[in-house]
Structures are given as structure tokens and as C-alpha cells.
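Read the structure below first, then the notes.
All values reported here derive from a predicted model rather than from experimental measurement. Lettering of chains follows the sequences in order, A, B, ..., and the numbering in each one begins at 1.
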Amino acid sequence: MVLCCSIENLHVENCARAVPLSGHVGFDSMPDQLVNKSVNHGFCFNILCVGETGLGKSTLMDTLFNTKFEGEPTQHNQPGVTLKSNTYELQESNVRLKLTMVNTVGFGDQINKEDSYKSIVEFIDAQFEAYLQEELKIKRTLHSYHDTRIHACLYFIAPTGHSLKSLDLVTMKKLDSKVNIIPIIAKSDAISKSELAKFKIKITSELVSNGVQIYQFPTDDESVAEINSTMNSHLPFAVVGSTEEVKIGNKMVKARQYPWGTVQVENENHCDFVKLREMLIRVNMEDLREQTHTRHYELYRRCKLEEMGFKDTDPDSKPFSLQETYEAKRNEFMGELQKKEEEMRQMFVQRVKEKEAELKEAEKELHEKFDRLKKLHQDEKKKLEEKKKALDDEVNTFKQKKTAAELLLNQAQQAGGSTTLKRDKERKK
Amino acid sequence: MSVPSCQLFDQTKEECGVMQSPLVDFSYVGIDAILEQMRRKAMKQGFELNIMVVGQSGLGKSTLMNTLFKSKVSRKSVLATSQEKIPKTIEIKSISHDIEEKGVRMKLTVIDTPGFGDQINNENCWQPIMKFINDQYEAYLQEEININRKKRIPDSRVHCCIYFIPPTGHCLRPLDVEFMKRLSKVVNIVPVIAKADTLTLEERDFFKKKIREELRSNGIDVYPQKEFDEDAEDRMINEKIREMIPFAVVGSDQEYQVNGRRLLGRKTKWGTIEVENIAHCEFAYLRDLLIRTHMQNIKDITSSIHYEMYRVRRLNESNTAVTQANGIPEHHLSAHEM
């Protein structure tokens, strides 16, 4: 027996009524509960550093995170761009961070750089793909999945002082819809202050005119809106990295020492390193992760699924078109594969037949030739034999004639032999 | 459960990475600022909580809801019906409220089930409720597999189901056992002894022990479930809670003057029962469990365990449907009996 029931949903999502509380309930501890859970779980953050060899990417990472990451400087003779990623576990008070740094090895070193951006785009897509696969699995473990999607891309611009290189523009244009790009001017102690201001303006205007979407620090939350909007105007950050310490006054500071002075990394008058650290880590790390997940990943997912042929069903059609479409697609794909296989097989058989026919033809020809030759040879032989016979006949005839002639001669001799002698004697007389 | 305080921009020496330089002052990176960032994000987004109350009429479900959230959130307060008729069939009514406390906004949805257990023949009365719960999972799943999906998928899944046990003092009734057996597989169940002011302390302890035994012998896993304890610390905390289940509660939205303070309570001729006094009833424990300490955990278990189980079942179902359509014989079908 099925009990019929009526389900009344008075709950309209957008206009739930606001009720005042008459005492302390206690759900203000919710943010703490949420934070607690995240702390237990740990965080992960993935940074991609794109830039030519020798721009100080590894040094900057060391400086940012106050630690010495492993690795040696790369050579300049790489045949193509490869991406090397390393994961580190950092801890600060009770926060555990799984930091992954991906470096582009060999970027900008080739003579022909047309395909340089490709391996970077492929890498980023591969991380999205891995996440998508996990999300689409039937039995999935999303909450314990190690997220490898790139949350921030630091693009290192060479400190030429003039403008962006075309490689930079092309690469950034390809990456801006896939990852949060934060452009920085590397080794900026090579540029003077006035040149730097002009350089920054030039870079920003080039980015704008080429339609490159770089990451904007969010300004919708009042507590950070002000600092973020100020920082937005300082992009791209001009940074200097250093892990060496120099004594200034009575403190040891990270700096680069030159004969003409010392560039202090954490001095805001000298470079924008502090700003970068502030923005990247202390203020917007969570927003970077969120943007990656809700904007870039969703875009990738949408494109990928549409490419595979899925469509959103309208509200009153059967549910679960995803699974069914997937199965249907898979069957279609297998069918196609089979068809292709058949086709190839047919083609193969055809070719074999053709070749066979060809060979047969050739064989036939050979046979014919052989026959002809044989016939020729036989004809010749016959002719020769005839000739030989003719000759033999002649010889025989000659012999006969000769015998006959000799006989006649003998007879003639015997009969007139005396006569011949008499004649001879008379002659002698 | 202690709540760690977050320290922002504190220039303390950190144990970061490999290198530790005792001379350097500015070795603070700022990774722990992410906690503050998360908190900000959470405050901006707000929270959602969906609670279902199940029990026979007259057990004080609406009152308890109002007491828990210190405001008129129950169905009865919202829909003032002139006569309280017991409905002929089970109805499922859900009402949403926006509440705010100290800057934290929450969308609370109370799902009421009038008519449950009130008929003469209560066979299969859990079916509409299970269907409702599964429908919410289905709605979430549909949204999740969309190509164009919303930034935040609206969460209408039932996070917690409070089951009201009438204070008979003996043991669980067959209806209670049947219901909880089935529902504990799809949702977090928190059983409570309703109107516990009719039981003395000894009767209460005896009743609770009986109930716990019966739950154990029937294999009913109520919240907090043993198998989802994450580590030793969790287990310790949850064991303490498990020893107290089911909570004996008394609800009230009336305030009375007791010892010079205004407290929520029930006034009778022989004394006033203070709702929030743990010597009188266990309402405070329930409130702490549900709201102050385990709310996030309840939501997590719903989304990462119950919902995932539903999803696996659903995906396998449709898988086998498709394979059957393709003429391939299926070897497995985990049909979850309702």
C-alpha cells in the first residue's frame, strides 16, 4: 500500500522571511567551525611561474616563502618548453600549506618560439582535466583530492624598460582565460625609478589594447576593497628577489649588495616585493583559489562537456542525460572506431588484391615472353635442322656423284688404259 | 571542542619551511592569513542549514524549534491555522528563515512533517519522507551535472533529522525502530526524547539505556556515527555524545522569572523547569551539538557521505539502464530498498 502524500513547499528560495532572534543562539561560531575544519584538512596552493630563463623566478619564490626550494638554475639550451613542478609542505602556526610551484623550463630560449605557449596551456588544461575526471567519477573522493589546478600565474616580464615582447603578449593572451595572471617586472633593480613608471604605464596600456585579462584584486568586500584597489593601480609589480642577507643598521635584511648601494627587498621604496607578498598570500590567496574554481575551471568544464556533445536538458525532459549521453557517445565512438577499422581492413584487402593482380599480370607476361622465346628458339632450331639436312643431302649427293664418277673413271681407265699407255709411248717416240 | 583564535598579521617567528635564521626578524610569510580570508568569505556568503523534525503530533516539535533558534521559526508560528486538524496524510512543509547573529547570516529551513505517525494504519509512513529527502539529493545532483551551473548550488539537502520519541519510559515503539532504521541510511538522525519533563531522572536514565540498546541491536547508526569519526580527538568527543543519546529535551518559548533572572521555562505548580539548565533537561547539550559545535560536521557528512552514496546509486542505476538497453547483461544493481 502506498501512502499518498502532499508535499507543500512553501519555501521560496529568494524571499525567506527575516526573523529576529530573541537571545543568543550560537551559530555565530559557524565561521570558526568552518575554519577549524579547513585547518584540519590543510590547504593547497599552486603557483605557475612563466618567464624566460634567468629572470630570477626561483630566487623570487625562495624569497616569497622564506625558504630554499630545491633545484639548480637551468641551462639555456633546452629544445622546447617543459614544465617542472615541485610540491612542498609548509607550516606556519597551525596552518599547513601544500605549496606546488611549477616552473617553465626553457621558456624563451628557442630560436623559433611559436609553440612555446603550447606546453604551458596543455599543462594547465591537464590539471583541469584531472579535476574534471575526478568530479565525473562515480565513486569519488573530492574532499580528499589533492587539487593541482593552477591558482596563480606569475608572469615574469624582462626589465627592458621599453615594452612587452611579442612572446609575452602572445603567451599572456593565450593564458588569460585559463588562469589568474599576475604580471611582474623581474630584476627590477635594473631600471631606474622614472623609467619604471613609464615602463609600467606602457605595459598596462599594451595589455589593455591587446585585450589581455589580468587578475584584478577583488574590491567587493569592504574590508579589503581599499587596499586591493590601490594595489590594482600598482600592477605590474616591480620585484627584486634575494635570499642573501645584508646588515643594514643593526638588522639583517634580505638585500642585493652593489658597489653603489644596496637594494633592500622588503623596502617599499626600493621595489614592490612587499606588495606582491601582501596581495598574493596575505590578502587574496583564498580569492585566487575561488576564482580558479568558479571561473576558470567552470569555463574549461563547460567547453569540454559541450565539445563532447552534452547539452543541458530542459526542465521537463528525462533526467540524467549526462550519463546516457555519455554512454551513447561512447557507443557512437566505439561504433566509429569499428567502422574505421573495417574501412581500413577493406582498404588493406583491396590493396592486397590489386597487388596480387599486378603480380599475376607480370607473371603472365613473363610466361608469354618465355613461350615466345621458346617458339622462336624452336623455329630457329627447325630451320637449322632443315639446313643441316639440306647440307647432308648435298653431301650425300656429292658423295654419290663422287662414287659414281670414280667408278666411271675406273672403268674408263681399265678400258682405255692400254690406249692411254700406247698413246703415252707414242708420244714419247 | 576548543575553537582556535586566529591571529592576523602577528609578527611572530614562524616555523616555516627548511631554513630558520635566528637573526632575522622578518621571517613571517603570512600563510596563516588564509584563515582570516576564509572567514571573511564565509561571512559574506552566509550559511545554509536545513533541519527536518519528525514525530507524532503533540510532542512539542514546533516549540522545540522555536526554542532552539530563539525565534518563531516553526510552521505553526508562520501559518496560523484556526483549527489544528491532524492531516489525513503526511504532509511535508518546509519554511525558510533568514537569521543573523553577530554578522553571521544563516538561511535556516525547517521542514515539518505533520501527520507522521498519526494515522491508524501507519504502514510505510516513512516513504514520503524518504522520497522528500531523495528528491533534495536529486535536485542537487541535477544542478551539479549541468553544463552551465550556478556559482553556488543552492543546498536544499536535509542536513539533520530530529526524531521525537514519545516519553513512554519503556522502550522504542516498532514505528520508531522502522523509521530510524531506514532513515539513518540516508540522513543524519538525531533522536530526542520529547517532553522529558514527565520522566524522573532515574526513569530517564533507564529509558535512555533501553533506547541505546535497541538502537544497537537493530543496527541503527544515529548521529554522530561511529564510522565517520576522523581521528582520536573526534572519537573522544563523539563518544561522550554517544553516551548521552538520545537527549531528553524540554522546549519552551515562554520566559519566567527565576532567581531574579528571566529564563525560558515551563511553569508548573510544583516548580519551574528551566530549559537551559542542564540539571533539568538536556536541551543545552542538543543545542550545543547541533549549532555551536557540530553544525559544520553535520553538513559535511551530509554532503560527502550521504549525498555521495545517493549519487553513486543513481549513477549506477542509470548506467545499468543504459547497458540493459544496449543488450549487455548487467551483473550488479545495488537497489536500495525503501
Side-chain angles (χ1 to χ4, degrees), chain A residues 1 3-11 13 16-23 25-35 37-38 43 65-68 90-95 97 138-139 143 221 223 245 251-252 266 281-282 285-286 294 302 305-306 310 312 319-320 322-324 327 331, chain B residues 3-4 14 16-19 23-24 26-27 29-35 37-44 47 69-71 73 89-99 101-102 104 106-107 109 123-125 127-128 132 142 145-148 151 154 291-292 295-296 304 312 315 318 322:
Chain A
M1 171 179 100
L3 201 68
C4 56
C5 82
S6 62
I7 297 184
E8 278 174 39
N9 261 334
L10 288 169
H11 126 141
E13 275 170 38
R17 41 190 291 267
V19 235
L21 301 177
S22 61
V25 177
F27 61 86
D28 56 342
S29 64
M30 268 305 271
D32 290 327
Q33 292 181 38
L34 186 62
V35 163
K37 175 187 94 154
S38 304
F43 298 89
F65 289 99
N66 245 338
T67 177
K68 188 95 183 64
L90 304 176
Q91 176 153 4
E92 195 166 75
S93 57
N94 59 345
V95 177
L97 180 73
I138 295 194
K139 273 213 166 78
H143 55 272
D221 186 348
S223 44
E245 277 142 28
K251 286 190 294 192
M252 297 294 283
E266 277 166 331
I281 303 176
R282 295 188 190 173
M285 190 166 17
E286 183 59 31
T294 56
R302 203 179 314 144
L305 290 180
E306 274 172 7
F310 298 123
D312 273 343
F320 258 61
L322 193 88
Q323 192 62 22
E324 283 166 7
E327 279 295 321
N331 290 336
Chain B
V3 171
E14 43 88 30
C16 183
V18 176
M19 189 166 81
L23 288 175
V24 183
F26 301 96
S27 54
V29 178
I31 297 177
D32 56 358
I34 193 173
L35 297 181
Q37 297 171 29
M38 281 201 76
R39 188 186 301 266
R40 255 198 345 254
K41 183 174 96 166
M43 302 276 282
K44 202 167 77 146
F47 297 91
F69 291 100
K70 295 244 169 49
S71 60
V73 294
T89 60
I90 297 179
E91 298 171 338
I92 303 200
K93 293 204 164 99
S94 86
I95 305 176
S96 291
H97 314 269
D98 275 331
I99 47 183
E101 190 173 57
K102 294 210 181 114
V104 179
M106 181 147 89
K107 180 154 164 245
T109 306
E123 259 177 31
N124 296 329
C125 62
Q127 265 178 3
F132 179 82
Q142 284 307 312
I145 63 178
N146 255 348
I147 308 265
N148 287 311
K151 224 177 195 180
I291 301 177
R292 293 189 187 173
M295 197 195 283
Q296 186 59 40
S304 56
V312 169
L315 288 179
S318 107
V322 175

So, using salt bridge (charged side-chain N to carboxylate O under 4.0 Å, His left out) as the criterion, who are the partners of B:Lys151 when residues are at least two apart? none
Interatomic distance, A:Leu305 atom CG to B:Ile147 atom CD1 [nearest 0.5 angstrom]: 4.5 Å
Side chain from CB out, backbone as N, CA, C, O: work out which of these in A:Lys139 comes under 4.5 Å of a heavy atom of chain B, or both, or neither. both
Evaluate the side-chain proximity of B:Arg39 to A:Asp32: yes if any heavy-atom separation is below 4.5 Å, no if none is. yes
Nearest 0.5 Å please: distance from the CZ atom of A:Arg282 over to the CD atom of B:Gln37. 11.0 Å
Taking the side chain as every heavy atom from C-beta outward, state whether B:Ile31 and A:Phe43 have any atom pair closer than 4.5 Å. no
Minimal heavy-atom distance between A:Leu34 and B:Ala42, with the atoms involved, is CD2-CB, 3.7 Å
For B:Ser71 versus A:Pro20, what's the shortest heavy-atom pair and its separation? CB-O, 3.1 Å
Say you draw a straight line from CE of B:Met38 to CE of A:Met285; how long is it, rounded to the nearest 0.5 Å? 11.0 Å
Heavy-atom pairs under 4.5 Å with chain A, option from B:Met106, B:Met43, B:Gln296, B:Glu101 with the top count: B:Glu101
CG-OG distance between B:Leu35 and A:Ser38, expressed to the nearest 0.5 angstrom: 8.0 Å
Strictly distance-based, threshold 3.5 Å: is any side-chain N or O of A:Gln33 a donor or acceptor partner for the main-chain N or O of B:Ile291? yes
Is it the backbone or the side chain of B:Met295 that comes under 4.5 Å from a heavy atom of chain A, or both, or neither? both
What part of B:Phe47 gets within 4.5 angstrom of chain A, counting heavy atoms only: side chain, backbone, both, or neither? side chain
Quick check: do A:Leu97 and B:Ile34 have side-chain heavy atoms less than 4.5 Å from each other? no
Cut-off 4.5 Å, heavy atoms of chain B, and the answer for A:Val95 is side chain
Output, in order, the C-alpha distance, side-chain angles, deciding distance and verdict of salt bridge (Lys or Arg N to Asp or Glu O under 4.0 Å) for B:Arg40 and A:Asp221. CA-CA 8 Å; B:Arg40 255 198 345 254; A:Asp221 186 348; 3.2 Å; yes
